[in-house]
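Only a predicted model underlies this, so the values are computations on that prediction, with no experimental measurement involved. Numbered from 1 within each chain, the chains take letters A, B, ... in sequence-line order.
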Amino acid sequence: MRTSWADSVANSASESAAPASSGNNGLLRPTRSTYVPPHLRNQTPSTDLPAPPPAVQSQANDRVGYGGPAGGSRWPGGSRPDYGRPGYGSGGRTTAAAAGGWNNRSGGWERGREREVNPFGNDDVEVDGAFTEQENTGINFDAYEDIPVETSGDNVPPPVNTFAEIDLGEALNQNIRRCKYVKPTPVQRNAIPIILAGRDLMACAQTGSGKTAAFCFPIISGIMREQYVQRPRGPRTVYPLALILSPTRELSCQIHDEARKFSYQTGVKVVVAYGGAPINQQLRELERGVDVLVATPGRLVDLLERARVSLQMIRYLALDEADRMLDMGFEPQIRKIVEQMDMPPPGRRQTMLFSATFPKEIQRLASDFLSNYIFLAVGRVGSSTDLIIQRVEYVHETDKRSHLMDLLHAQRETEIHGKQSLTLVFVETKKGADALEYWLCGNGFPATTIHGDRTQQEREMALRSFKSGKTPILVATDVAARGLDIPHVAHVVNFDLPNDIDDYVHRIGRTGRAGKTGLATAFFNENNTSIARSLADLMQEANQEVPAWLTRYASRVSYSGGKNRRTGGGRFGGRDFRREGSFNRGMDYYGGGNSSGGYGVPGGYGGGYGPGVASAWD
DNA sequence: AAAAAAG
């Protein structure tokens with residue numbers, strides 16, 4: 001039986017004997033060992049802090065209407081003109097234009113839309129039934145208040161509690177029901193109103209916390225609401241209204257799949273473009289019309305240089321895994337796309353950056369892309385939940401294979417019939433991935449591998465084969481570390497530990513999803529001393545058993561070099577760098593500081609938002 | 001130092 005996230009929140013709240021509102025905000029030590037997200041740690045009761053978010057929704061819309069004569073793209077309730085197109089959308093049940101004044105817009109490809117494939121893979125008749133089926137009575141929705149949230153910026157719109165509170169449009173609402181999303185997740189509760197208010201956003205929220213929907217819903221809704229926008233018609237150039245960038249091809253595909261569900265029968269067309277696949281097919285898709293383009297940077301640059309895509313009409317820009325997108329390898333390419341092509345500048349487009357981790361230096365880079373943005377940090381570091389059991393074992397380099405074999409044997413025995421349990425093994429190099437896959441297969445363990453030296457076809461095949469359980473072991477490089485939602489991953493093995501603790505966080509976050517518990521095992525040896533300290537800290541914060549030998553390694557590590565030293569910033573980076581100046585306290589490794597007394601750190605916070613309908617969280 | 005992203 002499925003448990004919803006709200007259930008778990010309600011449970012954890014009822015377990016808590018120390019509600020945040022009990023007035024003893026100064027008493028920050030929880031009554032029991034609970035996980036506290038890094039950005040809320042080391043708080044001191046502080047009075048010199050900004051006020052909590054305003055109680056009244058700000059209608060602040062500080063950007064000018066896009067494109068001049070078309071006017072503001074957002075409008076106060078009630079005064080919205082009816083953009084319904086006569087004779088349009090006579091298909092019946094999904095037509096909402098008449099009721100709500102919603103514009104089931106079309107960019108001139110109505111015929112294609114009539115043939116739109118149902119991305120839900122069912123007949124989709126019982127939308128309402130599906131909703132009630134999922135509906136849970138007796139949920140303590142007040143418990144949502146216990147999710148630690150930190151926001152900063154001007155006039156932060158308050159969070160919402162339900163999808164119904166926000167006017168996303170009936171067509172989108174139906175898709176939300178089809179997806180069986182009952183309640184917005186914390187990041188959705190907070191981010192959607194911010195985006196709907198037209199504000200730029202930098203959001204810290206772990207993949208798996210529902211962030212894809214958090215930026216897709218407002219984008220799709222916003223495009224639906226737009227007055228029909230006359231886009232230039234170059235001979236072969238297309239003009240998307242929204243651009244979503246992600247660091248890997250597979251992640252772009254996944255976002256595209258999700259976005260297609262959300263946009264079903266809304267008239268909003270979503271297209272994906274990524275490298276390694278024949279460009280001609282993607283060009284044909286683009287020519288059929290595109291509102292939302294999901295892409296990896298390389299292929300997009302190619303399309304831009306061929307003048308097959310223009311960014312001139314972009315109103316929404318979303319960077320997924322934004323810290324990765326702005327790291328050394330990607331930054332020039334991203335800068336080129338965002339700053340050196342024909343995209344409207346900050347202020348004339350809406351920019352949304354999402355990431356689990358936002359190091360200060362990356363925030364600084366990112367702020368170039370933003371205009372008067374709101375910083376949002378929601379909840380825990382997803383992978384550090386109680387749902388994931390983290391283990392570290394000392395394994396010499398030469399013993400790794402046999403040790404892995406032992407683990408796989410043990411797991412075989414505990415395998416539950418019916419559902420294949422999957423093991424994801426991370427290694428450092430592409431060569432190492434191939435070698436380990438070969439060795440595993442040779443030893444009777446059906447394995448496959450995914451890494452950047454494989455063809456896109458091989459990569460997608462490997463992922464399918466793994467997901468289906470045909471090869472229940474996947475050996476992967478960091479290409480699979482971020483964002484991928486693979487159900488039934490029971491075990492993540494860090495065969496080679498990464499050098500960066502953030503990568504570790506993302507890797508183990510591939511398990512412990514959909515309310516299932518997950519196991520993460522790391523092989524540690526002398527080659528990994530650079531991560532010892534941050535690993536020990538992370539595990540301790542997540543209430544995991546830290547082996548004494550690891551603690552010794554951790555204490556031995558000097559404070560000098562190492563990319564894991566985020567001096568003053570903290571590992572989570574869940575803090576607005578704009579506030580560093582006034583709030584940096586020397587001793588405070590995690591940045592500390594409290595933003596909103598109203599949110600505080602609830603005594604019973606320990607659940608995280610693992611349990612729930614799996615896909616609802618990405 | 002490695003990985004990812006164009007062909």
For [N], take OP1 and OP2 only and decide whether either is under 4.0 Å from a side-chain N or O of [X].
X        : N     : result
A:Lys430 : B:dA4 : yes
A:Arg459 : B:dA4 : no
A:Arg249 : B:dA5 : yes
A:Thr477 : B:dA4 : yes

Roughly, in whole Å, what's the span from [atom1] in [X] to [atom2] in [N]?
X        : N     : atom1 : atom2 : answer
A:Glu250 : B:dA5 : CD    : C1'   : 11 Å
A:Met325 : B:dA4 : CE    : C1'   : 10 Å
A:Arg482 : B:dA2 : CZ    : C1'   : 14 Å
A:His506 : B:dA4 : NE2   : P     : 16 Å
A:Asp478 : B:dA1 : CG    : C1'   : 13 Å
A:Asp302 : B:dA5 : CG    : P     : 15 Å
A:Asp453 : B:dA4 : CG    : P     : 7 Å
A:Asp320 : B:dA5 : CG    : C1'   : 15 Å

Does the separation of the ring centres of A:Phe426 and A:Phe495 fall below 6.0 angstrom?
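Aromatic pair excluded; centres sit 6.0 Å or further apart.
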State plainly whether the residues [X] and [Y] are in salt-bridge range, i.e. N to O under 4.0 Å.
X        : Y        : answer
A:Asp453 : A:Lys431 : no
A:Lys336 : A:Glu339 : no
A:Glu287 : A:Arg284 : no

Give, ordered by number, those residues of residues 391-398 of chain A having at least one heavy-atom distance below 4.0 Å to an atom of DNA chain B; if nothing qualifies, reply none.
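By residue number: none to list.
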With the threshold set at under 4.0 Å for non-hydrogen atoms, list the residues of residues 327-338 of chain A touching DNA chain B in residue-number order.
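By residue number: A:Gly329, A:Phe330, A:Gln333.
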Donor on one side chain, acceptor on other, A:Asp323 and A:Thr357, under 3.5 Å
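A pair is found: one side chain offers a donor N or O, the other an acceptor, under 3.5 Å apart.
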When the ring planes of A:Tyr394 and A:Phe524 are compared, do they come out parallel, tilted or perpendicular, using 30° and 60° as the limits?
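Judged by the thresholds at 30° and 60°, the geometry between A:Tyr394 and A:Phe524 is tilted.
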Taking only residues two or more places apart in sequence, or in another chain, which ones meet A:Asn443 in a side-chain hydrogen bond (donor to acceptor under 3.5 Å, both in side chains)?
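Partners of A:Asn443 under the side-chain hydrogen bond (donor to acceptor under 3.5 Å, both in side chains) test: none.
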Pi-cation contact, A:Phe330 with A:Arg335 (under 6.0 Å, within 45°):
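The answer is no; the distance or angle limit is not met.
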If you look at every strand shown and take non-hydrogen atoms under 4.0 Å, does A:Val301 touch a base, only sugar-phosphate, or nothing?
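Counting heavy atoms under 4.0 Å across all strands, no contact is made by A:Val301.
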Audit row: A:Thr521, A:His491, side-chain hydrogen bond (donor to acceptor under 3.5 Å, both in side chains) steps and yes/no
CA-CA 8 Å; A:Thr521 307; A:His491 196 176; 2.7 Å; yes
